[in-house]
Number of protein chains: 2
Amino acid sequence: MDDIDKLNRIIQRGKPLQKGEYLYRTNDVFNAVFAIRSGAVKAISISEKGDEQVMGFHLLGEVVGMDGLAENIYNNSVIALETSSVCEIPFNRLEELSLLIPTLQRHFLLLMSREIKHDQQLIALLSKGSAEMKISTLLLNISTSNGLRHLSTNNFTLPMSRVDIGNFLGLTIETVSRIFTRLQKNKVITIDNRSISITDTSALRTASSGA
Amino acid sequence: MDDIDKLNRIIQRGKPLQKGEYLYRTNDVFNAVFAIRSGAVKAISISEKGDEQVMGFHLLGEVVGMDGLAENIYNNSVIALETSSVCEIPFNRLEELSLLIPTLQRHFLLLMSREIKHDQQLIALLSKGSAEMKISTLLLNISTSNGLRHLSTNNFTLPMSRVDIGNFLGLTIETVSRIFTRLQKNKVITIDNRSISITDTSALRTASSGA
DNA sequence: CGGAAACTTGAGCAGAGTCAATAATTGTGG
DNA sequence: CCACAATTATTGACTCTGCTCAAGTTTCCG
């Protein structure tokens with residue numbers, strides 16, 4: 001794994017971001033992508049009318065910043081939801097490197113197309129899903145992501161507020177809250193503020209695909 | 001423009017697709033992207049439950065098939081909405097070529113990131129928008145796309161059915177129909193089956209951003 | 001021409017939004 | 001470390017947008 005070695009040499013470990021700090025902002029010049037090493041961030045875009053749209057949450061292990069690649073400026077802003085540390089991967093140096101490591105090109109294409117796939121799943125969810133389906137799916141996604149990083153799939157703390165969840169899924173905070181209490185009443189989850197336990201995964205899975 | 005020359009040499013002009021014919025299907029092996037030369041197509045994906053989700057419409061001048069690039073199989077299926085002709089751009093030969101034409105690499109990244117941007121606008125629309133906003137936005141998008149190709153921005157024929165529109169925007173066909181008649185009553189558009197005239201563009205723009 | 005598919009329109013209903021009041025949690029300065 | 005303010009979350013009553021069900025009309029196409 002010599003390639004990994006070379007890669008490691010150009011990665012910069014940045015200082016941790018505090019909650020609410022920006023990793024980058026819309027229209028900043030694109031010069032790096034970032035890997036989340038700990039914590040969690042949200043990506044947002046601002047509409048012409050000035051209101052915020054949450055485009056996604058990114059947890060430990062995920063890579064953000066690809067959205068700036070083509071036009072050389074970031075399309076979204078990314079904000080820390082909690083204290084988070086990120087690795088900066090400078091892109092100009094990465095481009096030099098891709099000449100040496102042909103697989104790297106392909107790797108980037110893969111990252112981008114994964115993003116497209118992810119966005120499209122979200123489109124399907126937003127287009128068809130009830131409030132309960134949306135929230136159940138979000139919980140399952142976080143659970144799955146945790147699984148990949150060897151964290152607990154059944155007990156975790158939500159890094160984002162109800163406002164962010166509602167904004168992301170196209171729901172009001174009241175509805176988000178009501179769905180959480182409903183899922184709890186139905187013994188699918190246990191939730192206390194932001195700490196959540198999935199008590200019946202298969203029921204949650206059923207709910208996420210339209211009871 | 002020698003590059004364009006080289007490009008032209010590897011493009012294949014295929015036979016026209018008839019309405020309802022597939023350009024490619026989900027899980028087909030990826031080997032080309034396609035430029036729409038005339039007509040219109042829709043991209044769809046099928047959920048686990050077997051129902052169809054319209055992921056987008058692609059009109060004259062657009063490029064489809066990028067969704068297969070990373071994993072070497074197409075994520076979506078693409079179907080002709082009307083008789084359409086497409087150019088096939090074989091990817092393996094394009095890859096050889098990118099070595100000769102460095103700008104081509106960048107061009108592909110641009111196409112992909114444009115797709116991401118587009119998807120994200122759709123996410124914002126689906127997440128926040130009322131039925132009227134959704135439909136107005138769709139009409140404006142078609143109008144704009146026509147403008148780019150030097151077609152009429154104010155009078156055109158919708159290539160897709162109400163079912164497809166509803167499916168795409170997360171609405172029922174009844175709602176689609178009602179919104180059309182409402183926009184007509186408000187003198188924003190004139191619509192007769194699939195032929196549509198935008199009579200008050202600024203009103204339509206207002207409607208699209210939330211009256 | 002006739003049947004199927006696509007579209008429109010209406011009446012009633014339900015899921016999610018709005019408005020409003022309260023409770024819990026977090027953060028801050030004394 | 002406590003008290004108070006600010007933020008965040010819950011819950012209830014009511015409203016409204018968009019869905020369902022149903023009937024009728026128009027368009028398409030063999």
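Sequence lines set the chain letters: A, B, ... in the order given, protein chains first and strands last, and positions in each chain run from 1.
Ser195(B) places none of its side-chain heavy atoms less than 4.5 Å from the side chain of Asn193(B). Val78(B) has its side chain within reach of Tyr24(B): a pair of non-hydrogen atoms, C-beta onward, lies under 4.5 Å apart. Here the side chains of Ile142(B) and Leu158(B) are in contact, with some heavy-atom distance below 4.5 Å.
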Run the side-chain donor-acceptor check on residues 169-180 of chain B: report pairs under 3.5 Å with partners two or more places apart or on a different chain.
unit_1: Thr172(B); atom_1: OG1; unit_2: Thr175(B); atom_2: N; d: 3.4
unit_1: Thr172(B); atom_1: OG1; unit_2: Thr175(B); atom_2: OG1; d: 3.1

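Judged by distance alone, the side chains of Asn154(B) and Ser197(B) never bring a donor and an acceptor atom under 3.5 Å apart. Between the side chains of Thr190(A) and Asp192(A), no donor N or O sits under 3.5 Å from an acceptor N or O.
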Output one line per pair: protein atom, nucleotide atom from nucleotides 16-20 of chain C, and distance, for all N/O pairs under 3.5 Å.
unit_1: dA16(C); atom_1: OP1; unit_2: Ala131(A); atom_2: N; d: 2.7
unit_1: dG17(C); atom_1: OP1; unit_2: Gly170(A); atom_2: O; d: 3.4
unit_1: dG17(C); atom_1: OP2; unit_2: Thr172(A); atom_2: N; d: 3.3
unit_1: dG17(C); atom_1: OP2; unit_2: Thr172(A); atom_2: OG1; d: 3.1
unit_1: dG17(C); atom_1: OP2; unit_2: Thr175(A); atom_2: OG1; d: 2.5
unit_1: dT18(C); atom_1: O4; unit_2: Arg178(A); atom_2: NH2; d: 2.9
unit_1: dC19(C); atom_1: N4; unit_2: Glu174(A); atom_2: OE2; d: 2.9

Shorter than 3.5 Å, N or O on both sides, protein versus nucleotides 3-7 of chain C: list them out with atom names.
unit_1: dC7(C); atom_1: OP1; unit_2: Arg194(B); atom_2: NE; d: 3.0
unit_1: dC7(C); atom_1: OP1; unit_2: Arg194(B); atom_2: NH2; d: 3.2
unit_1: dC7(C); atom_1: OP2; unit_2: Arg162(B); atom_2: N; d: 2.9

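Of all nucleotides in DNA chain D having an atom under 4.0 Å from a heavy atom of chain A, the first and last in 5' to 3' order are dT8(D) to dA13(D).
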Trace of the salt bridge (Lys or Arg N to Asp or Glu O under 4.0 Å) decision for Glu52(A) with Lys42(A) = CA-CA 11 Å; Glu52(A) 173 176 324; Lys42(A) 65 173 172 180; 3.2 Å; yes
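With a 6.0 Å radius and a threshold of 12 heavy atoms from other residues, nucleotides or ligands, Arg194(A) has its CZ atom above the threshold.
Summary of the strand contacts: Phe180(B) and Lys19(A) both lie near DNA chain C, and taking for each the nucleotide with the nearest heavy atom, the more 5' one is attributed to Phe180(B).
Under the side-chain hydrogen bond (donor to acceptor under 3.5 Å, both in side chains) criterion, Ser77(A) pairs with Thr26(A), not counting sequence neighbours.
Evaluation of the salt bridge (Lys or Arg N to Asp or Glu O under 4.0 Å) test over residues 109-121 of chain A, restricted to residues two or more places apart or in two chains, returns Lys117(A)-Glu71(B).
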